[in-house]
Number of protein chains: 4
Amino acid sequence: MAGTINKVILIGHLGDEVKMHYFEGGNSIGRFPLATNETYTSRQTGERITNVEWHNIVVRNKLAEICEKYLTKGDRVYCEGRIKTRQYEVDGQKRYATEIQVQDMTFLSTKKDPNNTSSSEAATQNNSIPPTSIAKEEDDDLPF
Amino acid sequence: MAGTINKVILIGHLGDEVKMHYFEGGNSIGRFPLATNETYTSRQTGERITNVEWHNIVVRNKLAEICEKYLTKGDRVYCEGRIKTRQYEVDGQKRYATEIQVQDMTFLSTKKDPNNTSSSEAATQNNSIPPTSIAKEEDDDLPF
Amino acid sequence: MAGTINKVILIGHLGDEVKMHYFEGGNSIGRFPLATNETYTSRQTGERITNVEWHNIVVRNKLAEICEKYLTKGDRVYCEGRIKTRQYEVDGQKRYATEIQVQDMTFLSTKKDPNNTSSSEAATQNNSIPPTSIAKEEDDDLPF
Amino acid sequence: MAGTINKVILIGHLGDEVKMHYFEGGNSIGRFPLATNETYTSRQTGERITNVEWHNIVVRNKLAEICEKYLTKGDRVYCEGRIKTRQYEVDGQKRYATEIQVQDMTFLSTKKDPNNTSSSEAATQNNSIPPTSIAKEEDDDLPF
DNA sequence: TTTT
DNA sequence: TTTT
């Protein structure tokens, strides 16, 4: 009943801002769409075709708050998590929504950093350093 | 236009047989459900809870045919691929179905091998050796 | 200063028993060799060639103790961790030893389980269930 | 004898230029060091400590040539490959050198692109587009 | 619905 | 030997 692995690794760009939802009791959840692209050459026409894949990213609690604080539309991130398909009903019919529950994230660009112009590399050379790697342990100090 | 990654790694058990579909022109597709389990301890009751996650696995052409030949319900496999959400309409309403398009697979148990009793390790010691690792290159020889 | 990833995923077989070392203060470390195989067809002779790759696995504290208790030579495991190359000197010359520091592990077969005959699947159907998935959180309860 | 996985995923920065070596017969190999960083808080002093890990990246043939053409010291890349430890002898003593044989790579920044100022995003808006994702198939067209 |  |  175990001995299984459910792991997702994504590098993509935020298609929108992080949307937060706060629960009673102090828990919180953040959601944002992440785009990955697949490019290939058409066998028929020979032209380059790009398919966009949209992933529903879900983050929780401290990681959610760090995402909301530092990430914005267009930023690039590395995400590691698991696939989770939720089931719900509409008019008595089953529907499915697949999310990526992310536990670990690394920022590959952070436009929200005020002193930063275009890349996370630049950001590390000034005093306002956003966290670039976010660990799984929720009780840790902020990685500054 | 790229610089993105969409990667899924799963280890799980087949929930059903591989269902094949053959296209005109020689292409084929195989589908099967794969179960992964997540076990955790409830904070309320302290009991162990297991959630099952079902993944819609899609394989193509030679890999599909190897899967159909060697895999059966209950077998354990390692899968590597990408997430793909297809959109379709029902009564004018958008629906989404998420699949895992698998390119690489490793068999961790293969009940269909006739000389095999319980594990793929045993299978490698006789003459009827199923492939245990299936490469991405479709034009390769079978890995026997 | 960050924004980097160092991740290793291995599925292989233990080449020897887990060797434990206990430190003063209660910490412990376990080490064992893990074999992965790469099989390919020789372009010259056309015969199948198998290369064995040996990985120096290092586990710590609770995970080390679970490994020692349940794993034995020949068992198959899934390991997730990071690469770490240690530097040392012999006769004033630098030497390097590369280890895989494993944080997450899933047992894919466990011969040490007394009620088990050949695979972890069988093991889950009786009362003596070894842990098959070991989480990163050291403070967690044992996953029974 | 199989059913194993040997997979490495790295995101890091080039510590030096790509060094090429060409073989008779047309094959080529490229090598470069890649740095990943691990940052943690010391339990003793409470200060942030960064450890650098250096990986010996090895790429072959077309991928090697693309790396040499587009990558330079300091660039950030995503690498996917396998661990390979080579054995050699010095004065009759065995020595080991661990490499990462990389088959797939994604460029996360490319300073060598002449029209590019600081990031790969900018690069995609002009006519001199470096490849950002490099597939495994050696016989493919260049991903332009 | 959307990123680069 | 080195990157950010």
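The structure presented is a predicted model; accordingly, all values stated were derived computationally and were not measured. Reminder, nothing fancy here: chain letters follow the sequence lines and each chain counts from 1.
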Practice problem: Could you pull out the closest heavy-atom pair between D/Glu68 and D/Tyr22, with the gap in Å? | Solution: OE1-OH, 3.7 Å
Quiz prompt | Separation of E/dT3 P from D/Leu108 CG (nearest whole Å) | solution = 20 Å
Quiz item: Where the side chain of D/Pro33 is concerned, which of F/dT2, E/dT4, F/dT4 is the nearest nucleotide?
Solution: F/dT2
Exercise. Sort and list the pairs that fulfil salt bridge (charged side-chain N to carboxylate O under 4.0 Å, His left out) and have at least one residue in residues 10-30 of chain A, not counting sequence neighbours.
Key: A/Asp16-A/Lys19
Quiz item: Taking the side chain of D/His13 as heavy atoms from C-beta outward, which of E/dT3, E/dT1, F/dT4 is closest to it?
Solution: F/dT4
Quiz item: Between atom CD in A/Glu38 and atom P in E/dT3, what is the gap in whole Å?
Solution: 19 Å
Quiz item: Between E/dT4, E/dT2, F/dT1, which nucleotide gets closest to the side-chain atoms of C/Lys94?
Solution: F/dT1
Quiz prompt | Length of the line joining A/Glu53:CD and E/dT1:P, which is rounded to integer Å | solution = 14 Å
Quiz item: Atom OH of D/Tyr78 to atom C1' of F/dT4: distance rounded to whole Å?
Solution: 20 Å
Practice problem: Return the value, rounded to whole Å, for the distance between atom CH2 of A/Trp54 and atom C1' of E/dT2. | Solution: 4 Å
Self-check item: From F/dT4, F/dT2, E/dT4, nucleotide with atom closest to A/Asn37 side chain
Solution: E/dT4
Quiz item: When you measure from the side chain of A/Asp16, which nucleotide among F/dT1, E/dT1, F/dT3 comes out closest?
Solution: E/dT1
Quiz item: Can you check the B/Tyr96 OH to E/dT1 C1' distance for me, whole Å?
Solution: 9 Å
Quiz prompt | Whole angstrom value for the distance that separates P of F/dT3 from CG of D/Leu71 | solution = 16 Å
Quiz item: B/Ile5 versus A/Tyr78: any side-chain heavy-atom pair under 4.5 Å?
Solution: no
Quiz prompt | D/His55 NE2 - F/dT1 C1' separation (whole Å) | solution = 16 Å
Practice problem: Could I get the full list of salt bridge (Lys or Arg N to Asp or Glu O under 4.0 Å) partners for D/Glu99, not counting sequence neighbours? | Solution: D/Arg31, D/Arg86
